[in-house]
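Right, one structure below, let's go through it.
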Amino acid sequence: MSHDLFEAAKAAMAKAYAPYSRFPVGAAIRTADGKVFAGANIEVASYPEGWCAETTALGHFVMGGGGRIAEVAVIAERMPKVTPCGGCRQRLAEFAGPETKVHLCDATGVVETVTMGDLLPYGFRADLLK
Ligand code: THU
């Protein structure tokens, strides 16, 4: 993974609004055509209404033109190897394939790289709706 995707996730984490959990997370998406979109988690006083860093990044990705996801980086200040939650795995999978790489990072860089297929085996797919 090139360093800019990690740096984008880390910079996004610094913008997290997480006053309740105090668990800042950052995520960055690189598109198949090379664009990078990032996001942080955003919490609200009605706790279940907050959302994840990956979801913020996906919103920027779709508003920036969407397409397909080539790779993802995720970082959390207080966890050395954060992995996307179940809901975000499903959201990311909407725009990614089983081979799409997800880089799990700490403050210094990538700790482990997994694939969407690792994270969401047997996921629900749109083609099952047909
Ligand atoms: N969180 C994320 O942003 N991404 C994840 O993959 C896991 C959890 C956020 C949600 C909440 O604001 C905080 O981390 C603690 O759960």
Side-chain angles (χ1 to χ4, degrees):
M1 182 195 66
S2 59
H3 202 62
D4 64 322
L5 197 65
F6 165 70
E7 288 297 341
K10 196 172 167 187
M13 180 176 70
K15 295 181 179 172
Y17 179 73
Y20 306 108
S21 72
R22 300 187 192 285
F23 192 85
V25 183
I29 293 168
R30 187 197 309 286
T31 65
D33 58 357
K35 293 181 195 148
V36 171
F37 298 101
N41 51 331
I42 300 174
E43 299 180 348
V44 294
S46 179
Y47 299 162
E49 303 305 328
W51 64 92
C52 292
E54 295 88 333
T55 297
T56 303
L58 279 165
H60 286 297
F61 157 76
V62 171
M63 291 300 95
R68 299 297 291 170
I69 295 176
E71 54 180 342
V72 180
V74 194
I75 179 171
E77 203 173 89
R78 296 206 278 122
M79 192 180 280
K81 212 166 70 176
V82 72
T83 58
C85 80
C88 287
R89 292 177 196 203
Q90 186 76 45
R91 293 187 191 101
L92 289 166
E94 185 73 22
F95 306 99
E99 304 309 320
T100 304
K101 289 185 166 125
V102 180
H103 308 287
L104 315 176
C105 306
D106 69 7
T108 61
V110 177
V111 175
E112 187 176 345
T113 296
V114 297
T115 67
M116 281 304 302
D118 296 328
L119 293 175
L120 194 67
Y122 300 101
F124 186 80
R125 301 192 318 267
D127 57 334
L128 302 172
L129 293 170
K130 289 169 194 156

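For clarity, every value in this text was computed on a predicted model and none was experimentally measured. Numbering of ligands and ligand atoms starts at 1, following listing order.
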May I ask you to list the atoms of ligand 1 that are less than 4.0 angstrom from any heavy atom of Val25? 1 (N), 2 (C), 3 (O), 4 (N), 9 (C), 14 (O)
Provide the closest heavy-atom pair for Leu104 versus Pro84 in the form atom of the first, atom of the second, distance. CD2-CD, 4.3 Å
Shortest non-hydrogen contact between Ala27 and Ala12, atoms and distance: O-CB, 4.3 Å
Is Cys85 close to ligand 1, meaning an N/O of one under 3.5 Å from an N/O of the other? yes
Top protein contact for atom 16 (O) of ligand 1, by heavy-atom distance: Phe23 CD2, 4.8 Å
Examine ligand 1 and decide if any of its atoms is less than 4.0 Å from a heavy atom belonging to Cys88. no
Would you say Val25 and Val111 are hydrophobically clustered, going by side-chain heavy atoms of ILVMFWY under 4.5 Å? no
Any protein heavy atom nearer than 4.0 Å to atom 14 (O) of ligand 1: yes
Does Ala53 reach ligand 1 with a nitrogen or oxygen that is under 3.5 Å from one of the ligand's nitrogen or oxygen atoms? yes
Charged N to carboxylate O under 4.0 angstrom, Glu71 versus Lys101? no
Taking the non-hydrogen atoms of Pro84, is any one of them nearer than 4.0 angstrom to ligand 1? yes
Decide whether Leu92 and Val62 are clustered together by the hydrophobic rule: side chain heavy atoms of Ile, Leu, Val, Met, Phe, Trp, Tyr closer than 4.5 Å, transitively. yes
What protein heavy atom is closest to atom 12 (O) of ligand 1, reported as residue, atom name and distance in Å? Glu43 OE2, 2.5 Å
Quick one: which of Pro24, Pro19, Cys52, Ala18 has a heavy atom closest to atom 10 (C) of ligand 1? Cys52
Treating Ile, Leu, Val, Met, Phe, Trp and Tyr as nodes and any side-chain heavy-atom pair under 4.5 angstrom as an edge, say whether Leu58 and Leu120 lie in one connected cluster. no
Without swapping roles, check the side chain of Asn41 against the backbone of Phe23 for a donor-acceptor pair under 3.5 Å. yes
Look only at interatomic distance and state if Trp51 has a nitrogen or oxygen under 3.5 Å from any nitrogen or oxygen of ligand 1. no
In this structure, would Val74 and Ile42 fall into the same cluster of hydrophobic residues linked by side-chain contacts under 4.5 Å? no
Contact region, Ile42 to ligand 1, non-hydrogen atoms below 4.0 Å, reads neither
May I ask you to identify the nearest protein heavy atom to atom 9 (C) of ligand 1, giving residue, atom name and distance to one decimal place in Å? Asn41 ND2, 3.5 Å
For atom 5 (C) of ligand 1, state which one of Glu54, Arg22, Arg78 supplies the nearest heavy atom. Glu54
Looking at ligand 1, would Thr55 count as a contact under a 4.0 Å heavy-atom criterion? no
Given the rule that I, L, V, M, F, W and Y join up when any side-chain heavy atoms are under 4.5 Å apart, are Trp51 and Met13 in one cluster? no
Closer than 4.0 Å to some heavy atom of Ser21 - which atoms of ligand 1 meet that? 13 (C), 15 (C)
Can you measure from NZ (Lys10) to OG1 (Thr108) and round to the nearest 0.5 angstrom? 8.0 Å
